[in-house]
Number of protein chains: 2
Amino acid sequence: MNAQDILKKYQLSVTDSRLSVLQIFMQAGGALSHSDIESRLKGFHDRVTVYRTLQTFAEKGIIHQIPTIDNAVLYALCKEDCTDGHHHDNHVHFLCTECEITTCLDEVVVPVVKLPRGFRQNDVKMIVTGVCKSCK
Amino acid sequence: MNAQDILKKYQLSVTDSRLSVLQIFMQAGGALSHSDIESRLKGFHDRVTVYRTLQTFAEKGIIHQIPTIDNAVLYALCKEDCTDGHHHDNHVHFLCTECEITTCLDEVVVPVVKLPRGFRQNDVKMIVTGVCKSCK
DNA sequence: TATTATTTTGCAACATTATTGCAAATTTAA
DNA sequence: TTAAATTTGCAATAATGTTGCAAAATAATA
């Protein structure tokens, strides 16, 4: 599915900046931060537009946020079966300390944990740090 | 162990601001962000001092950082057996969507995951979102 | 205890990151 | 093609984080 179709599927206006951001995600292997995207746009679009685009994409379920230990907010493309507000991104995220690239390990499912009495569980995120395949 | 003893144990000068920050952590049940601490200090110490104090504590292993989905950097007290650079914080973190408090579930150990071939694993973080005991 | 050496603090300045309102431009609907 | 709705970019502002440096506080020494 190309960028334009994805936008239409999620009922979003097809605009230059949205197409660019989406294509950047599709080309990038791993997860991207706001500044990653901004630098790849090479000043073509305003910072504010990027912020708003990312927010819109996240709301629609086109991208999902990845938790990080520092304060970088990372985003990555969701799989096709994500819908508004209901993401299926229960995969493990891997942060390589060598190349510093964060990737979604789609094939590794987050294991189930048993919480103490009284806790109701909603969503689980898991981030593994280490050295990736390409850097080992 | 009181705040002063902890500082001494980690060979840190005992200062006003360090004692205050440490006591704030000891009183707080959950994890705290920089701004949480700043507001609890009620302007008694400079912003910069808080940043440096948190950094020092993290380096020494008095506190550890918690990954978050937004860009808030959260810190929480480590258990007593943490040493410089070698933390034993392999427990699950719980973020309550009601009270927005993040707590360390010390009794819940992060489960082991099997990574694809070629990945070397170092450290695993796990954040569970849901409703906590007090808010249910 | 008094003095010196070391460390820490607070201020100022600055850099980065994020948010909001609003008019102009673009996209979609008619 | 035109009108309505949405999106964009600019400006202004807020929040967050960093660095250098002199003054103050703490620790080490005599």
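Order of the sequence lines sets the chain letters (A, B, ...), proteins ahead of strands, with each chain counted from 1.
Residues A/Cys78 and A/Ile63 share a closest heavy-atom pair of SG-C, 3.5 Å.
Below 30°, between 30° and 60°, or above 60°: for A/Phe119 and B/Phe94 the angle between ring planes is above 60°, a perpendicular geometry.
Rounded to whole Å, atom P of C/dT6 lies 18 Å from atom CG of B/Leu12. If you measure from atom NZ of B/Lys60 to atom P of C/dT7, you get 11 Å, rounded to the nearest angstrom. Atom CD in A/Gln65 sits about 11 Å away from atom P in C/dA18, given to the nearest Å. When rounded to the nearest whole Å, the span between CG of B/Leu41 and P of C/dT9 equals 12 Å.
No donor-acceptor pair closer than 3.5 Å links the side chain of A/Ser33 to the backbone N or O of A/Ala72. For the pair B/Thr49 (side chain) and B/His45 (backbone), a donor-acceptor distance under 3.5 Å is absent.
Listed by residue number, the members of residues 45-54 of chain A with any heavy atom below 4.0 angstrom from DNA chain D are A/His45, A/Asp46, A/Val48, A/Thr49, A/Arg52.
Between C/dT7 and B/Ser13, no contact under 4.0 Å exists linking OP1 or OP2 to a side-chain N or O. The side chain of A/Thr15 contributes no N or O atom lying less than 4.0 Å from OP1 or OP2 of C/dT26.
For A/Tyr51 and A/His34, the ring centers sit closer than 6.0 Å to each other.
Side-chain atoms of A/Thr15 and A/Ser13 include no donor-acceptor pair closer than 3.5 Å.
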